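Remarks on the structure that follows.
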Amino acid sequence: MYIYLQKNIGMEETLVDREGYPRADIDIYQVRTARHNIICLQNDHKSIMKEIEEALHNLHARDKDKRQRDEAEAKVEALQCNQTLPDAFAKVDAVTPGSPASMCGLQVGDEIIAFGSVNTNNFQTLQNIATVVQHSEGKPLSVTVVRDGKSVHLGLTPQRWNGKGLLGCNIIPIKR
């Protein structure tokens with residue numbers, strides 16, 4: 001791209017005649033001012049392009065770092081998923097809609113591996129769960145279930161509601 005400032009005068013043409021005198025057919029001051037402005041704009045353009053290039057490099061470096069962190073987290077998560085879950089001691093047989101159990105997200109078929117202080121190691125009978133429920137009325141309980149092969153943590157608050165009991169679900173023991 002070639003820029004003409006005046007009468008075939010661009011950025012490179014000489015502003016003096018063969019004898020070294022300023023040319024009379026052009027406005028020297030206007031050409032020099034225009035050349036100066038163009039050079040300033042070119043310098044500004046170079047500076048902005050350099051900033052853009054650095055920003056793009058930083059952006060892609062951050063993207064690469066994030067991708068590596070995500071891959072590492074995925075590997076850790078996959079290892080955790082591969083760890084065996086404890087054996088469930090009880091199973092949810094029924095959940096009444098609108099009950100505290102349904103409100104916390106408990107679903108039919110969930111296998112219970114922890115219910116408050118009751119877990120696989122200390123569970124003996126369903127009376128263990130009933131005792132925890134009675135002593136925790138109005139207080140949130142941590143319930144951990146196995147759903148679709150994954151451990152799911154729920155917060156269940158036993159409380160009086162329109163239906164029977166404090167939970168609104170039926171739990172049956174699993175024979176092992």
Side-chain angles (χ1 to χ4, degrees), residues 1-88 92 95 97-117 119-120 136 138-159 161 167-169:
M1 180 175 149
Y2 197 78
I3 301 171
Y4 288 104
L5 303 174
Q6 280 186 2
K7 296 183 188 177
N8 294 333
I9 299 293
M11 295 293 290
E12 305 296 324
E13 286 76 24
T14 182
L15 301 180
V16 293
D17 60 14
R18 287 186 212 134
E19 297 172 3
Y21 292 104
R23 289 177 50 177
D25 62 331
I26 58 172
D27 183 351
I28 301 284
Y29 176 77
Q30 188 178 21
V31 171
R32 290 190 63 167
T33 302
R35 284 181 177 178
H36 171 77
N37 289 339
I38 289 171
I39 289 170
C40 287
L41 289 172
Q42 287 173 334
N43 289 340
D44 290 347
H45 181 261
K46 286 178 189 175
S47 173
I48 289 172
M49 291 306 289
K50 185 176 180 180
E51 287 179 32
I52 291 172
E53 181 181 0
E54 289 172 3
L56 284 172
H57 283 296
N58 290 336
L59 176 70
H60 290 293
R62 280 194 313 258
D63 226 15
K64 183 179 178 184
D65 290 343
K66 184 180 183 313
R67 192 176 320 111
Q68 289 172 341
R69 279 194 312 271
D70 288 348
E71 287 173 1
E73 287 175 8
K75 286 179 184 176
V76 168
E77 194 172 305
L79 288 175
Q80 289 174 346
C81 286
N82 289 339
Q83 292 176 351
T84 57
L85 295 170
D87 289 333
V92 178
V95 178
S99 68
S102 73
M103 300 304 262
C104 86
L106 208 57
Q107 297 178 4
V108 173
D110 284 349
E111 294 183 348
I112 301 170
I113 57 177
F115 194 101
S117 60
N119 58 40
T120 304
S136 301
K139 300 174 194 159
L141 282 174
S142 174
V143 178
T144 305
V145 298
V146 176
R147 183 183 297 158
D148 300 324
K150 296 178 184 168
S151 176
V152 178
H153 300 283
L154 304 170
L156 173 61
T157 304
Q159 58 190 355
W161 61 293
L167 298 179
C169 68

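Side chains included, hydrogens not; waters and symmetry mates left out as well; all remaining heavy atoms used. Please read these numbers as outputs of a predicted model, since none were measured by experiment.
- Summarising the geometry, atom CD1 belonging to I112 is positioned 9.5 Å from atom CG belonging to L154; distances are rounded to the nearest 0.5 Å.
- Residues P158 and L167 form a side-chain contact, since some pair of their non-hydrogen atoms from C-beta on lies under 4.5 Å apart.
- Under the 4.0 Å criterion applied to side-chain N and carboxylate O atoms, D25 and R23 are assigned as salt-bridge partners.
- Put simply, CG on L41 and CD1 on I48 are 9.5 Å apart, with the number rounded to the nearest 0.5 Å.
- Remark: the backbone N or O of D87 is paired with a side-chain donor or acceptor of T120 at under 3.5 angstrom.
- Annotation for P97 and W161: closest pair O-CZ3, 4.4 Å, computed over non-hydrogen atoms.
- Listed for the Q68 side chain is no donor-acceptor partner under 3.5 Å among the backbone atoms of D65.
- Here the side chain of R35 pairs no donor or acceptor atom with the backbone of Q30 at under 3.5 angstrom.
- Side-chain contact between V16 and Y21 is absent, with no heavy-atom pair separated by less than 4.5 Å.
- A distance of 13.5 Å separates CD of E54 from CG of L59, quoted to the nearest 0.5 Å.
- Within the 4.5 Å cutoff, the side chain of M103 has no heavy atoms near those of the L156 side chain.
- Atoms CD and CE, on Q42 and M11 in that order, are 5.5 Å from each other to the nearest 0.5 Å.
- Side-chain atoms of P22 and L15, non-hydrogen and from C-beta on, never get closer than 4.5 Å to each other.
- From I28, atom CD1 reaches atom CD1 of I9 across 8.0 Å, with rounding to the nearest 0.5 Å.
- With S99 contributing its side chain and G168 its backbone, the two residues share a donor-acceptor pair below 3.5 Å.
- Rounded to the nearest 0.5 Å, atoms CD (E111) and OG1 (T144) are 13.5 Å apart.
- Of all the heavy atoms in G98 and S102, the pair that sits closest is N-OG, 3.0 Å.
- Using modelled atom types, one side-chain atom of T33 and one backbone atom of Y29 make a donor-acceptor pair closer than 3.5 Å.
- V145 is listed as a side-chain neighbour of L106, based on a closest heavy-atom distance under 4.5 Å.
- Formation of a donor-acceptor pair under 3.5 Å by the D110 side chain with backbone atoms of Q107 is found in this model.
- Of the possible polar contacts, none joining the D148 side chain to the K150 backbone as a donor-acceptor pair under 3.5 Å is found.
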